[in-house]
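Below: the structure, in structure tokens.
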Amino acid sequence: MKNVIISGIQPTGSMHIGNYLGAVKNWVDMQADPGLERFYFIPDLHSLTVDFDPAQKQKMVRNLVRDLLALGIDPTKSNLFVQSHVPEHSELCWIFLTLTPLAELDKMTQFKDKAARHAENINAGLYTYPVLMAADILLYKPHQIPVGEDQVQHVELARVIAKKFNNKFSVLFPEPQALLTQTPRVMSLAEPTKKMSKSHGDKSCIYLTDDSDSIHDKMRKAVTDEVGVQNLLGLAQLFDANGTHQKLSAEFAAGTLKNVDLKDTLADLIANYFADFRARREEITDARITEVLEMGRAAASARAQKTMSEVRGALGLI
Ligand code: TRP
């Protein structure tokens with residue numbers, strides 16, 4: 001039996017270089033391991049817990065699929081699907097809700113952060129978000145969940161729920177671990193002490209779809225105090241080609257590196273790094289996206305249905 005991994009990425013709109021390095025790059029890299037069975041999905045139900053425009057939702061989900069395919073997620077190696085296409089996620093979530101102590105949810109720091117940021121819409125879904133995530137995870141009985149630091153607490157809750165279920169009913173679930181990959185912290189161009197985030201404005205982020213001109217434009221406006229310059233040098237290392245980073249570092253150490261040259265060189269590195277991505281992205285048809293998602297749904301459904309019938313049996317529902 002292969003080791004199973006599962007991970008999700010929210011459909012929040014355009015992907016920036018921080019999102020790419022934080023998650024998708026690892027997803028792509030993990031495709032090289034023949035010992036893994038991979039489930040990657042878009043948690044569209046989770047995305048309903050904050051305000052959204054229904055007219056944009058499909059577009060955002062499908063655009064994210066387009067990005068993932070263009071970045072190298074290969075549907076022959078990874079099962080790529082949309083959460084709401086597999087209704088067992090919601091069904092298992094309900095059952096897990098009946099096993100989750102409120103005190104566990106009260107501990108969740110992401111809920112506290114989000115509740116503070118969305119004070120006008122603190123809904124029960126936002127509060128129970130980690131329980132749906134536990135269902136996402138345990139349905140596939142994975143060994144590991146590649147996630148960022150901010151999701152570790154949620155993975156711990158999945159383990160608590162798995163243990164509870166196993167003790168109370170029947171041993172069905174593994175107790176999976178978060179797989180924390182080395183992910184560099186990419187900082188905002190405008191406020192280099194903060195993480196790059198759409199919420200700080202488009203000028204502070206470089207989107208993967210930005211063309212060379214707009215990358216140069218944003219880079220030119222990047223803040224270059226001490227932290228800012230370090231951030232830019234760090235990015236040059238991440239997107240390095242042909243030893244450019246070494247050259248920049250040497251010039252920086254010698255005190256001869258002009259900010260404008262650092263910015264232009266870095267803009268070129270990033271534009272080139274994603275040039276293939278942008279070209280491939282244009283070639284992916286809507287029909288291809290539909291086809292890939294149907295393959296992913298079929299594979300995920302088969303696994304999810306099997307787990308759910310075990311769960312129903314263990315609970316005496318059948
Ligand atoms: N909460 C995760 C995030 O915001 C996304 C997510 C939902 C997820 N369900 C998951 C990640 C299951 C891993 C496994 O990044």
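Sequential numbering from 1 along the given sequence is applied to the chain's residues. For ligands, and for the atoms within them, numbers begin at 1 and follow the listed sequence.
Side-chain contact check for Y140 versus T307: every heavy-atom pair is 4.5 Å or farther apart.
Ion pairing of D29 with K25 is present here, as a side-chain N (NZ or NE/NH1/NH2) and a carboxylate O approach within less than 4.0 Å. D211 and R278 are not joined by a salt bridge, as no carboxylate oxygen comes within less than 4.0 angstrom of a charged side-chain nitrogen. In this structure, R66 pairs ionically with D286, as a charged nitrogen and a carboxylate oxygen lie closer than 4.0 Å. A salt bridge is defined here as a Lys NZ or Arg NE, NH1 or NH2 lying under 4.0 Å from an Asp or Glu carboxylate O, and K164 with E104 fails to meet this definition. Taking a cutoff of 4.0 Å between a charged side-chain nitrogen and a carboxylate oxygen, R280 and E283 do not qualify as a salt bridge.
Considering backbone and side-chain N/O of S7, none are found under 3.5 Å from N/O of ligand 1. Between H154 and ligand 1, no pair of N/O atoms sits closer than 3.5 Å.
The number of heavy-atom neighbours closer than 6.0 Å to CD of Q230, taken from other residues, nucleotides and ligands shown, is above 12.
Within ligand 1, the atoms closer than 4.0 Å to a non-hydrogen atom of Y129 are 1 (N), 2 (C), 3 (C), 4 (O), numbered from 1 in the order shown. Those atoms of ligand 1 that come under 4.0 Å of a heavy atom in I145, given as number and element, are 13 (C), 14 (C). Interface atoms of ligand 1 facing I137, defined by a heavy-atom separation under 4.0 Å, are 12 (C), 14 (C). Heavy-atom contacts of H46 reach the following atoms of ligand 1: 7 (C), 9 (N) (cutoff under 4.0 Å).
The proximity of I9 to ligand 1, defined as any non-hydrogen pair under 4.0 Å, does not occur for either the backbone or the side chain. At a 4.0 Å heavy-atom cut-off, ligand 1 does not touch Q83 at all. Contact annotation for L132 and ligand 1: no heavy atom of the residue comes within less than 4.0 Å of the ligand.
If you look at Y20 and F274, their ring centroids are closer than 6.0 Å.
Nearest to atom 5 (C) of ligand 1 among the protein's heavy atoms is G8 O, 3.8 Å.
Among I42, D136, N19, V155, the residue whose heavy atom lies nearest to atom 9 (N) of ligand 1 is D136.
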